[in-house]
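Order of the sequence lines fixes the chain letters, A, B, ..., with proteins taken first and strands second; residue numbering starts at 1 for each chain. Here the structure is a predicted model, which is why all the values come from computation and not from measurement. What's counted below: heavy atoms across the whole structure, side chains too, no hydrogens, waters or symmetry copies.
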Amino acid sequence: MPRRKAGTVLPLEYDILDAGLDLQSRNEPVYGFSLARALRASDSSKGLTAHGTLYKALGRMAEAGLLEAAWEDPAVAESESRPRRRLYEVTGLGAEVAQAARATARPVRPVRGINLGPVLS
Amino acid sequence: MSAARSGADRRATVWVLQWASFYTRGLPAGVANARRDELASDLWEHSTSAGTTPRERRALAVEIGSRAVLGMAADLSRRGQQLRQEHRQQAVALPIRQQTGARRAATAVYVLAAVMIVVALSAGLRAALNVSYLSPAGAPTVLLVGGVLACVAVFLFSRPGSRLLGGVGLAVLSFPIGWSLMLALPSVSAEASRLYATVMRPALELPPLLALGTILLPEMLLASCFLIGTLRARRTVDRKFHLGSSTDTSE
């Protein structure tokens, strides 16, 4: 698998940012499966994003500061008799990157040169 | 998990969790547990979001399986990244004394191996071109093949995952290379052969087993150096790995 260059944001990551911002604006929790469902809803031709692809992207985005991740309070999960979720929040930087992508045409190919620090190198 | 689970989607879920356990093995416990917990949550949400008819449950099983299969390359790539990141962090966190000790041990193994390879290949070449009736015909071939195999062993030693195999390979190869060098010595240099015979003459007067042990002493010393050097270089790698496994990065 080729390594991505520093500061590259992939189309999937733009989609995740958009889906995350959309869920946040509706006060809905943002977690892996809710994002996968939102991504499918945004493009009916797609199925649910593969586990590995989704969680790898979420991990890298959290490391790059586009998302903030935190485990849900176990008491909440227990009260609803389900496993606890890892909740995500789109950060200010993530919102800026999504905004910048919306301002220009949505990139079909990966966009390079956005300064996200050394993490995405 | 959902009470309406069918056999197919239960099997798919179990398989996906087993796959997660497989690709997170060896990662720090916090990272591995976080990945498995997040996946378990995803599978639970996915399962509860699906309908309860047998057809819907079968479709769910197929969807779970396909999501896992399509994400396998990303899972493995992520694993590689996390392992590399962890090794970098641990290498920085290790006391300088430990790092220096490991580096010195590895350097000693490289130097000894380089000497052994150069001697084996040059002596093998020389003996092949200057055959003496005192040397057995097969000795140059063993030297040349041994030299090439020692190069392979050095390559294995240079990779952290196969360091032990490379070190043991070098130790084992020092016996056929040393023995063949002794046999081929008359073809390499008459002077060296005479000197060797003078040094080893007292050993030939010993009982046969002791004589053999004495003749093989240089090879045994060389093999011991390779093994000790490998273990010293590897012990630090293991300690690094142990430190990495105990790092808890869960939130």
Side-chain angles (χ1 to χ4, degrees), chain A residues 1-4 6 8 10 12-13 16 23 28-41 46-64 67-74 76-78 80-89 117-121, chain B residues 1-3 12-13 15-24 27 30-50 59-82 84-86 88-89 248-251:
Chain A
M1 190 175 286
R3 269 194 200 173
R4 83 164 76 179
T8 305
L10 301 178
L12 171 66
E13 292 167 351
I16 289 174
L23 288 167
E28 286 181 29
V30 183
Y31 52 93
F33 187 71
S34 72
L35 283 169
R37 215 169 24 195
L39 291 173
R40 178 169 64 178
K46 281 199 291 193
L48 286 167
T49 314
H51 299 133
T53 312
L54 178 64
Y55 291 109
K56 181 184 175 188
L58 289 174
R60 291 180 68 101
M61 289 169 77
E63 284 169 11
L67 297 175
E68 240 173 42
W71 283 102
E72 186 183 37
D73 183 357
V76 175
E78 209 172 312
E80 294 177 17
S81 305
R82 57 168 173 73
R84 66 182 179 148
R85 296 164 175 163
R86 192 173 203 199
L87 300 172
Y88 293 90
E89 193 183 338
V119 180
L120 288 179
S121 59
Chain B
M1 298 249 173
S2 171
T13 302
W15 176 75
V16 172
L17 290 174
Q18 280 173 345
W19 163 243
S21 298
F22 175 75
Y23 73 74
T24 55
L27 291 177
V31 173
N33 290 341
R35 171 53 76 97
R36 286 195 292 262
D37 287 354
E38 192 165 26
L39 193 57
S41 166
D42 183 302
L43 292 168
W44 190 90
E45 305 280 355
H46 196 172
S47 176
T48 49
S49 73
L60 170 69
V62 170
E63 203 167 30
I64 287 174
S66 62
R67 283 183 77 196
V69 169
L70 292 174
M72 278 177 164
D75 285 331
L76 295 175
S77 150
R78 183 74 178 151
R79 172 189 163 76
Q81 282 169 0
Q82 280 170 330
R84 280 194 296 275
Q85 195 178 329
E86 194 60 28
R88 268 199 302 271
Q89 283 171 1
D248 189 355
T249 56
S250 62
E251 289 154 68

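Considering only residues two or more places apart in sequence or on other chains, E80(A) meets the salt bridge (Lys or Arg N to Asp or Glu O under 4.0 Å) condition with R82(A).
K56(A) and R35(B) make their closest contact through N-NH2, 3.9 Å (heavy atoms, listed as atom of the first residue, atom of the second, distance). Between G71(B) and A50(A), the shortest heavy-atom contact is N-CB, 3.5 Å. Across all non-hydrogen atoms, the minimal contact from P83(A) to W44(B) is CD-CG, 3.4 Å.
The neighbour count for E78(A) CD, taken as heavy atoms of other residues, nucleotides or ligands under 6.0 Å away, does not exceed 12.
Rounding to the nearest 0.5 Å places CG of L48(A) at 7.5 Å from OG of S49(B). The distance from the CD atom of E38(B) to the CZ atom of R84(A) is 10.5 Å, given to the nearest 0.5 Å. Between D42(B) atom CG and R86(A) atom CZ the span is 13.5 Å, to the nearest 0.5 Å. Distance OG1/T53(A) to CZ/R67(B): 9.5 Å, rounded to 0.5 Å.
For chain A, no part of V69(B) is nearby; none of its heavy atoms comes within less than 4.5 Å. Residue Q82(B): no heavy atom, backbone or side chain, is found under 4.5 Å from chain A.
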Practice problem: Please report the C-alpha distance between W71(A) and D37(B) in whole Å, then the side-chain angles of each, then the deciding distance to 0.1 Å, and finally whether the side chain to side chain contact (heavy atoms under 4.5 Å, CB included) criterion is met. | Solution: CA-CA 10 Å; W71(A) 283 102; D37(B) 287 354; 3.6 Å; yes
Exercise. List the steps, then state whether side chain to side chain contact (heavy atoms under 4.5 Å, CB included) holds for L70(B) with H51(A).
Key: CA-CA 8 Å; L70(B) 292 174; H51(A) 299 133; over 6 Å; no
Pairs under 3.5 angstrom only: tabulate donor-acceptor contacts from the side chains of residues 32-39 of chain A to other protein residues two or more places apart or in another chain.
| residue | atom | partner | partner atom | Å |
| --- | --- | --- | --- | --- |
| S34(A) | OG | P29(A) | O | 3.3 |
| S34(A) | OG | Y31(A) | N | 2.9 |
| S34(A) | OG | Y31(A) | O | 2.9 |

